[in-house]
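Each chain gets a letter, A, B and so on, in the order the sequences are listed, and its residues count up from 1. Quick caveat: nothing in here was measured; it's all calculated off a predicted structure.
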Number of protein chains: 2
Amino acid sequence: MPSSYFVADTIKTYYEDHGDNKSYPLILIHPIGGNILIWHHEISLLLKSGFRVVAYEIRGHYRTNMGRVGAYAMQDLVNDLHQLLEHLKIKRCSIIGHSIGGIIASMYAAQHQKNVDAIVLINSSPRKFKDKDLEKHFKTREVAITQGIKSLAEYKLKSFDETRDLLKDKRYSDLFRDVFTKTSIEGFVAATIALYTIPENVAERLQASRCKVFAIVGSDDDVFMRLLKETKEEIPEMELKVLDGSDHWVIIEKPKEMYDILMNFLERVQR
Amino acid sequence: MPSSYFVADTIKTYYEDHGDNKSYPLILIHPIGGNILIWHHEISLLLKSGFRVVAYEIRGHYRTNMGRVGAYAMQDLVNDLHQLLEHLKIKRCSIIGHSIGGIIASMYAAQHQKNVDAIVLINSSPRKFKDKDLEKHFKTREVAITQGIKSLAEYKLKSFDETRDLLKDKRYSDLFRDVFTKTSIEGFVAATIALYTIPENVAERLQASRCKVFAIVGSDDDVFMRLLKETKEEIPEMELKVLDGSDHWVIIEKPKEMYDILMNFLERVQR
C-alpha cells in the first residue's frame, strides 16, 4: 500500500511512497493551496522512468492536520520533512518543490547538505520575499476567513494574474478548484504567514553546498522571475528554465513541458 | 462598568476603559505573554493623574480569543486596535506599548498619523528583527506546545537573560507567573511568529509623521538596546531613556521608575 500516515508530535503528515524503495527517491512538495493531487501527471511519469516517488502534504493541507496550534514558521515545515525522511530511512534524495514546496526544499538542502543531491524549484526560490510580494495575502486571508475556501478559489481565479492561464482551459480551472478547495482555511492562513519567516542566508548556504539547484519559472510570474534572477546572482551554477507564456500554476498549465524539463534536469543529477 | 468585550468578525477583544471619557485617552498594549494585569500600577497611577486609560488584550492573550484561525500578521493586530478605537470613538490619543505592544503602537501611528499624538515604546522598537533575535522562540514554542504554558513560564524564568531580574524578588516572579500563565498556547505561538511580519518602513513613516516617539529600555535587554539605537538613527528626535540594571520585564521590575519616566514623557505631549 503506497499511502500512509506518519505521526510526529501532534502533526499527522499524510504521504504516499510510490515505486521500488531500492530506486532513487524523489520527494515532491506542493505549493500553498496544493496537495498530492496536483502532481498526478508527474507521479505516474516519474514512476515509469524508474524513480521512487515520495509525495506528502504540508500542515493544514488536505489530509495533513495542523497539530496543536494554528501558526508555524517555515522551519517547522522543514523539520516535518526531516522527520518524514528519517521515518522513511531516506538518506539521499532529490527534492522537487513548487512555490512554498521549493522554499522547504531549499532550506532543507541548506541544512542537511549530505542528504540532498539536487533540488528543483518550480516557481520558487530560496530568497526572502519583499513586503509587497506578500501584500496580496491580506486580502486572500480575509476572503478565506470570512467567505471560506471555495470563495477563495473563485477569487484567485478571477483576480490574480498568477491564475489567468488556468482560465484558458476548463480542465485546468476545474483541476485547480478541485485541488485548492481541499485546503483548510487555517492551513492556508498559517502558510501565507509562514512565508515571512524564510531565513536570510538560504541561497548563500546552498551555494556553499554540493547540492545542484535547478529552477523552472513561468515568464509571467513576476515575483519569482525577480527572486530567481537574484538567486542566480548568488548561485551562478543554478540552471534556470523560463517557460514563456506561463505563470504561477505551471504544473497544471503545462504538464508535458514541465515533465520534459524535469527529466532533462534529473538526468544530470549525480546520485 | 469599565470592562467590556468588543466584537469584530470573530475576534472578541477584551478591554477596560477607565476614567472620564472626556479626559485625554492613553492606550496601553501589553507584551507577548502579558495581559491587562501587568499594568495594574500604571493604570491606577495614570488614572489619578487625570487620564482616561484604555487597556486591552491582544489575540490569544487571557480574555481575548484567537478568532477563526490560529495565525496572524502584525497588521491584523494593528487592525484590531483600529477597530477598538473606532468602537470607542477615540479620535486622538497616545499609546504606551511594551514589546509587541510598542510594535503595534508604532505601526498604528505610522498608518493613522492624525490619530496619535505620541507613542511610548517600552523595551520595543519599530524596527524589523534579525533572524537571530527570534531564534530563541523555536525553543519557547516547542516548550509551550509539548509541555504547556506553566512549563514555559518556568523555562523563561530559568533560561532567559531577559527575566533574570525577576528572580531577585519573589513578588516579581510571582506576578510574572500569574500574568504569563493566562496566555493561551495558541496565542503565544501565533504572536511570536507574527514578529516576523513587521514591515520594513515603520520608523521611516513615523519620522515623517507629527507623532512624538519616546522609548524606555532596560540596559540589559540587548536586542532592544540595539534596535532602539538603530531607531534613533532614523528618528533623531526620539527621546530614549535607558534604565540601568534592568532588562525586558521593566514594568514588573521597576514600576516606580517606569511611572516617573512615563509622566515626564506625557507632560510634554501636545494634546
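Contact count versus chain A (heavy atoms, under 4.5 Å) is highest, among B/Leu195, B/Thr192, B/Val189, for B/Val189. Annotation: maximal heavy-atom pairing with chain B below 4.5 Å, among A/Met66, A/Arg141, A/Gln75, occurs at A/Gln75. Contact tally against chain B (heavy-atom pairs below 4.5 Å) for A/Ala73, A/Ser184, A/Gly187: the top residue is A/Ala73. In terms of heavy-atom pairs under 4.5 Å with chain B, the best-connected choice from A/Ile193, A/Ile185, A/Asp76 is A/Ile193.
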B/Asn79 vs A/Glu142, side chain to side chain contact (heavy atoms under 4.5 Å, CB included): CA-CA, chis, key distance, verdict: CA-CA 12 Å; B/Asn79 295 348; A/Glu142 188 197 315; over 6 Å; no
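Note: B/Leu134 CG to A/Thr197 OG1 = 10.0 Å, rounded to the nearest 0.5 Å. Atom CZ of residue A/Arg68 and atom CD1 of residue B/Ile145 lie 8.0 Å apart, to the nearest 0.5 angstrom.
Residue contact with chain A, scored on non-hydrogen atoms closer than 4.5 Å, is absent for B/Lys132. Contact annotation for B/Phe138: only side-chain heavy atoms (C-beta onward) come within less than 4.5 Å of a heavy atom of chain A.
A/Ala190 and B/Ala71 get closest at one heavy-atom pair: CA-CB, 3.8 Å.
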